[in-house]
Student: 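Take this structure, written in structure tokens, and hold onto it; I'll ask about it next.
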Amino acid sequence: MDVTEILEALNREQRSAVTAPKGSALVLAGAGSGKTRVLTQRVAWLVQTEGLSPFGILAVTFTNKAAAEMRARIEEHLSMPLRGMWVGTFHSLAHRFLRAHWMDAKLAQNFQIIDADDQLRLVKRVLNNLAIDDKKWPAKQAVWWINAQKDEGLRPNHIQDEGDLFVQTHLGIYRAYEEACERGGMVDFAELLLRTHETLLNNQSLLAHYQDRFKAILVDEFQDTNAIQYAWLRVLTGNDNKLMVVGDDDQSIYGWRGAKIENIQRFQHDYPQSVTYRLEQNYRSTGTILGAANALIEHNDDRLGKALWTELGEGEPVTLYAAYNEIDEARYIVDRVKQYADEGRAFRECAILYRSNAQSRVLEEALLRSQLPYRIYGGQRFFERAEIRSALAYLKILSQRHSDAAFERVVNLPPRGIGDKSVQIIRETARADNVSMWQAAHHLVASAGLTVRAKTAISGFIDLIDTLDAATEDMDLAHLVREVVESSGLKQFYEKEGGEKGQARLENLEELVTAAQTFDPDDVPLFDETVQADMTLLDEFLSHASLEAGEGQGDINQDSVQMMTMHSAKGLEFPVVFLAGLEEGLFPHQMSVEEPGRMAEERRLCYVGVTRAMQKLFLTYAETRRLNGTDRYNRVSRFVQEIPPELIQEVRPQTQIVRPAYQTSHQVSRVAKEVSGTQFELGQKVMHNKFGEGWITNYEGHGQQARVQVKFDDVGTKWLMLAFAKLEAV
DNA sequence: CGCGTCGTGGTTTTT
DNA sequence: CCACGACGCG
């Protein structure tokens, strides 16, 4: 494809960004404005017009999927394979860097990547060793804290506890956890980035090499980068002007896991010569949908500012349906999908988006009842499934006997008579002798201190692994995986489990064999071939499995209704979109209502949801919603009210539902405001003789049974029985 | 050691 | 309401 062809299909702004002079650039790309196109064409431009070698280009994305897509699209444009070009996620690129420079990074050559699950297990063990009460200091929270520190680029030495018990305790855990990782040659996700950054900083020649190698660096979804990722880009860029970042501050929805929307401002500050390009023409949605999106996001402060426009025409109004309850909501959505399909359209053109996964169940049931095909995205990913992780643990221990995480996982799976007690003894012995559990197990079998029964069981396990190892010596990867699945007893174990669940697990294991069959390390090119030579195919496969969670399986080609959270919908588009559960407390979520900064993020999430729609947008909410076993009476979401009414067409609930005729949905929002059968209403200021002043944020029940949730100025949020609480209106 | 019962708590998710 | 983890019994 030649240059004019590249540029022809672009609008003016897109073209300026693609052909921007070498230098730093910020591309603010609104939803549906052709962002990916600009990125890929930019690379093509750099290669074809600026004469850059792909070898000198670094392109960073947020997900593996995005990376693969980008590579494919660039290859298509250039009609040549992109050998040598670095395209990948922050994590995969850091991983490759560390494999190549493990010595400089002070890592074991055969270091292993541990995923979130391994990490949690490890922290649990650390807590145990430190004799810290898991109840008081939950492992999950500790993991979260440690990762947050690493994401900020902080080592234990950088952190002062200042007498704060919370920090003090977690700091201790962090230290012990680091030691454990060090001992076991384990590297978690955050560590990949942090370690790479440190290695570059501490190694002038290495840094100079990479700074010189990369003549251009491109970053996608820049608004989702965290502090360490930004630092990483900063150090690789050095004093050069070669960093082009693409993002949209209005679509930043991962602040809760460390993403720093401020990185955009920081970029402008750190690269004052940078040029900003705004992509505001939207090629996806109707004018009405964009109008709704623009009006909604206007309610946020501190935006960089951007107004999307389209040439696609006004289109149909946004439809708002006030459902009686969540079942009615689901039925309404299913009916609309059916109607759409009856017009000869495909199911896959419809997406149902929701705030939290718990909402998917009712929707799923309704689809099932109507026998419409659907596919739920998210949930458990392939490589995270228990049976897959177990099989991988067998493979891992074959490759590296000293992997304690793998040892613990499979030593008694399938059950072979090695209980918690025995495992604990092995663990303690290993710790005391400073050896791996595998070695400790060996020693224990040969010494006193265990029952004969336990010894037999343990040596049975050792023999199993050794035999398996010998038997698979000459096998290729796929045969090795099959052999492991069959001889380890996993297959029989899940066969015995039976039922739909066991069947699904067996199928997954079969799929793992297929994955091994089709695994090609050259699809994931390492920095250079010398690194590759040092790793066995099995090790590469295992690394791949840790970094690539695997697309939620299911047939992508099958024509089905798409269901997912709004978070996972980012980057996608559908002709018809349903946003379900637009209720205060659910969306915006209760947890976000209480903290001010998070409301803006919820609104951005809603903006992301709205801007997924190409032609038709449906908003639904339920007046009554059964959630966690109790009925909630939520008001319609503020987000709905932030959309200009003239863009919205309200739909009456359907006739089967018996409800008072006088209740139009507008009145409903008012009626639902008042705590039924009482003198109170939502939002009202109240006084409690013990807790002081506050206001009513939620309620459930009626009359004497009514309970209200009150957010007190001093003591936080509490649920109170109205009958007992003696609240006074203020 | 394995299985059953009780109790608790419950956004969003990638790597 | 339901999924998961902690306990206690056979």
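No experiment lies behind these values; they were computed from the predicted model shown. Chain naming here is simple, since letters A, B, ... match the order of the sequence lines and numbering starts at 1 in each.
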Student: Do the side chains of F382(A) and L512(A) get nearer than 4.5 Å, heavy atoms only?
Tutor: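 Yes, side chains in contact.
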Student: Should the pair R626(A)-E326(A) be classified as a salt bridge under the 4.0 Å nitrogen-to-oxygen rule?
Tutor: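 Looking at E326(A) together with R626(A), the answer is no, because their closest N to O distance does not fall below 4.0 Å.
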Student: Can you tell which of dT11(B), dT15(B), dT13(B) lies closest to the side chain of L547(A)?
Tutor: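 The answer is dT15(B).
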Student: Which is true for E384(A) with a 4.0 Å heavy-atom rule: it touches a base, it touches only sugar-phosphate, or it touches nothing?
Tutor: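 Base, at least one base atom sits under 4.0 Å.
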Student: From CZ of R604(A) over to P of dT11(B), roughly how many Å is that when rounded to an integer?
Tutor: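 My rounded result for the distance is 21 Å.
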Student: What's I418(A) touching, base or sugar-phosphate or nothing? Going by heavy atoms closer than 4.0 Å.
Tutor: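 Touches sugar-phosphate only.
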Student: Provide, to the nearest angstrom, the distance between the NZ atom belonging to K150(A) and the P atom belonging to dT15(B).
Tutor: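 It works out to 18 Å between those atoms.
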Student: For L192(A) and for G629(A), locate the closest nucleotide of DNA chain B by heavy-atom distance; then report the residue assigned to the nucleotide nearer the 5' terminus.
Tutor: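 Closer to the 5' end of DNA chain B: G629(A).
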Student: Within 45° of the axis and under 6.0 Å from the centre of the six-membered ring of Y177(A), does NZ or CZ of R125(A) qualify?
Tutor: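 Geometry flag: not set, cation outside 6.0 Å or 45°.
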Student: Is the distance from the ring center of F461(A) to that of F407(A) below 6.0 Å?
Tutor: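 Yes.
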Student: What is the glycosidic conformation of dT11(B): syn, defined as within 90° of 0, or anti?
Tutor: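 Syn conformation here, the glycosidic angle of dT11(B) being no more than 90° from 0.
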Student: Please report the distance, rounded to the nearest Å, between CD in E221(A) and C1' in dT15(B).
Tutor: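 The answer, rounded to whole Å, is 14 Å.
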Student: Tell me which nucleotide among dT13(B), dT15(B), dT11(B) gets nearest to the side chain of E602(A).
Tutor: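 Looking only at side-chain atoms, E602(A) lies closest to dT11(B).
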Student: If you measure from the ring centre of H589(A) to the centre of the six-membered ring in the base of dT11(B), is it under 5.5 Å, with the planes under 30° apart?
Tutor: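 Yes.
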Student: Over how many whole Å does the gap from L605(A) atom CG to dT13(B) atom P extend?
Tutor: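 Spelled out: CG on L605(A) to P on dT13(B) is 10 Å.
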Student: Would you call D118(A)-R389(A) a salt bridge at under 4.0 Å N-O?
Tutor: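 Yes, D118(A) and R389(A) are salt-bridged.
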Student: Kindly confirm whether the side-chain ring of Y254(A) is stacked on the base of dT12(B), judged by centres under 5.5 Å and planes under 30°.
Tutor: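 By the stated criterion, Y254(A) and dT12(B) do not stack.
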Student: Compare the minimum distances between each of dG2(B), dT13(B), dC2(C) and the side chain of R361(A), then state the nucleotide with the smallest one.
Tutor: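 Looking only at heavy atoms from C-beta outward on R361(A), the closest nucleotide is dC2(C).
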Student: How many whole angstroms separate atom CE of M591(A) from atom P of dT13(B)?
Tutor: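 Spelled out: CE on M591(A) to P on dT13(B) is 15 Å.
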Student: Select base, sugar-phosphate, or nothing to describe what F587(A) touches, counting heavy atoms under 4.0 Å on all strands.
Tutor: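 The answer is nothing, as F587(A) stays clear of every strand by at least 4.0 Å.
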Student: Would you say a side-chain N or O of T63(A) is under 4.0 Å from OP1 or OP2 of dT14(B)?
Tutor: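 Indeed not, no polar side-chain atom of T63(A) lies that close.
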Student: Can you tell me which nucleotide in dG10(B), dT15(B), dT13(B) comes closest to the side chain of T89(A)?
Tutor: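 Nearest listed nucleotide: dT15(B).
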Student: Between dT13(B) atom C1' and D115(A) atom CG, what is the distance in whole Å?
Tutor: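 Answer to the nearest Å: 14 Å.
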Student: Over how many whole Å does the gap from W144(A) atom CH2 to dT15(B) atom C1' extend?
Tutor: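 After rounding, the gap between these two atoms is 18 Å.
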Student: Quick one: label N412(A) by what it contacts on the DNA or RNA (base, sugar-phosphate, nothing), any heavy atom closer than 4.0 Å.
Tutor: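 Counting heavy atoms under 4.0 Å across all strands, the contact made by N412(A) is with sugar-phosphate only.
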Student: What nucleotide among dT13(B), dT15(B), dT11(B) has an atom nearest to a side-chain atom of R257(A)?
Tutor: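 Nearest nucleotide to the side chain: dT13(B).
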Student: F189(A) side chain: which of dT14(B), dT15(B), dT12(B) is closest?
Tutor: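 Among the listed nucleotides, the one closest to the side chain of F189(A) is dT15(B).
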Student: If the cut-off is 4.0 Å, is N357(A) near the phosphate of dG10(B), judged by side-chain N/O to OP1 or OP2?
Tutor: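 It does not, given that no N or O in the side chain of N357(A) lies less than 4.0 Å from OP1 or OP2 of dG10(B).
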Student: Between T565(A) and dT13(B), does any side-chain N or O lie under 4.0 Å from OP1 or OP2?
Tutor: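 Yes, T565(A) has a side-chain N/O under 4.0 Å of OP1/OP2 on dT13(B).
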Student: Please tell me which of the listed nucleotides, dC1(C), dT15(B), dT13(B), lies nearest to the side chain of N628(A)?
Tutor: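 Per side-chain heavy atoms of N628(A), the pick is dC1(C).
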Student: When you measure from the side chain of S356(A), which nucleotide among dG2(B), dT12(B), dT13(B) comes out closest?
Tutor: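 Minimum distance to the S356(A) side chain belongs to dT12(B).
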Student: Is it true that Q251(A) and Y607(A) share a donor-acceptor pair across their side chains at a distance under 3.5 Å?
Tutor: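 No.
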Student: Quick one: M599(A) CE to dT12(B) C1', roughly how many Å, whole number?
Tutor: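 Roughly 14 Å, once rounded to whole Å.
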Student: Return the nearest nucleotide to the side chain of N64(A); candidates are dT13(B), dG2(B), dT15(B).
Tutor: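 From the listed options, dT15(B) comes nearest.
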Student: Heavy atoms under 4.0 Å, any strand shown: does S568(A) hit a base, just sugar-phosphate, or nothing?
Tutor: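 Sugar-phosphate contact only - S568(A) comes under 4.0 Å of backbone atoms but never of a base.
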Student: Could you check whether E583(A) pairs with R625(A) (Lys NZ or Arg NE/NH1/NH2 to Asp/Glu carboxylate O, under 4.0 Å)?
Tutor: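 Salt bridge: yes.
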Student: Students often get this wrong, so: under 4.0 angstrom with heavy atoms, is S422(A) touching a base, only sugar-phosphate, or nothing?
Tutor: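 Answer is sugar-phosphate: S422(A) comes under 4.0 Å of backbone atoms only.
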